[in-house]
Amino acid sequence: MSSSRRSRSRRAGSSLSSSRSISEDQITELLSKLQALLPESQTRNGAHRGSAARVLQETCSYIRSLHDEVDNLSETLAQLLASADVTGDQAAVIRSLLM
């Protein structure tokens with residue numbers, strides 16, 4: 001996990017833990033916001049998914065697919081850098097841009 005992901009996780013966790021309880025309306029609102037972040041293909045042709053469990057399940061699946069995509073792109077980039085005539089300085093600049 002990258003340091004930026006960890007810091008976002010800590011911020012999100014601290015804001016949730018600071019509130020003692022979350023109302024059902026707040027949960028519904030948060031689920032709607034979460035659902036809106038999912039691509040249309042995840043919403044079964046745009047239909048309402050219904051249960052909170054289903055929204056969370058689909059969100060987890062989507063996050064896993066994003067992680068897989070990042071891994072694949074990282075591997076592709078590493079292969080391109082290895083096959084290209086890239087100097088150490090150029091590779092360092094590319095790495096710094098990706099961080």
Side-chain angles (χ1 to χ4, degrees):
M1 181 182 281
S2 72
S3 62
S4 62
R5 282 188 203 159
R6 279 184 292 230
S7 61
R8 274 183 269 163
S9 295
R10 278 188 291 242
R11 282 193 304 262
S14 65
S15 66
L16 285 177
S17 64
S18 65
S19 62
R20 291 196 170 173
S21 64
I22 297 176
S23 71
E24 192 171 323
D25 289 341
Q26 288 171 315
I27 291 172
T28 301
E29 181 182 343
L30 290 170
L31 285 169
S32 293
K33 288 179 181 181
L34 188 57
Q35 185 174 353
L37 294 173
L38 296 173
E40 287 300 314
S41 62
Q42 295 290 113
T43 63
R44 288 196 222 140
N45 302 322
H48 188 269
R49 287 179 292 234
S51 77
R54 189 75 174 153
V55 172
L56 293 173
Q57 214 172 26
E58 291 179 6
T59 300
C60 289
S61 175
Y62 181 58
I63 290 170
R64 277 189 220 101
S65 73
L66 290 175
H67 280 285
D68 290 344
E69 188 174 347
V70 166
D71 290 343
N72 291 336
L73 290 171
S74 295
E75 187 176 320
T76 301
L77 179 61
Q79 290 171 354
L80 287 171
L81 288 174
S83 67
D85 188 22
V86 179
T87 67
D89 291 338
Q90 290 170 329
V93 168
I94 292 169
R95 277 190 215 96
S96 70
L97 292 172
L98 295 174
M99 298 287 174

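By convention here, the first residue in the shown sequence is residue 1. Remember, it's a predicted structure, so these values are computed and weren't measured experimentally. What's counted below: heavy atoms across the whole structure, side chains too, no hydrogens, waters or symmetry copies.
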d(I27 CD1, S32 OG) to nearest 0.5 Å is 12.0 Å

Roughly how far, to the nearest 0.5 Å, is CD1 of I22 from OG1 of T28?
11.5 Å

Listed pairs under 3.5 Å, donor-acceptor, residues 68-76 side chains, sequence neighbours left out:
residue, atom, partner, partner atom, Å
N72, ND2, D68, O, 3.3
S74, OG, V70, O, 2.9
T76, OG1, N72, O, 2.9

From CG (L37) to CD1 (I63), nearest 0.5 Å
9.5 Å

Kindly compute the distance separating CD (Q35) from CG (L30), expressed to the nearest 0.5 Å.
12.5 Å

Return the minimal non-hydrogen interatomic distance between L38 and V55, and the atom names on each side.
CD1-O, 4.5 Å

Taking salt bridge (charged side-chain N to carboxylate O under 4.0 Å, His left out) as the cut-off, I'd like each qualifying pair that reaches into residues 24-37, sequence neighbours left out, listed once.
E29-K33

For S23, which residues count as a side chain to side chain donor-acceptor pair (under 3.5 Å) partner, sequence neighbours excluded?
Q26

side-chain contact (heavy atoms from CB on, under 4.5 Å) filter on Q57, not counting sequence neighbours, yields R54

Drop me the distance from S61's OG to L56's CG, to the nearest 0.5 angstrom.
12.5 Å

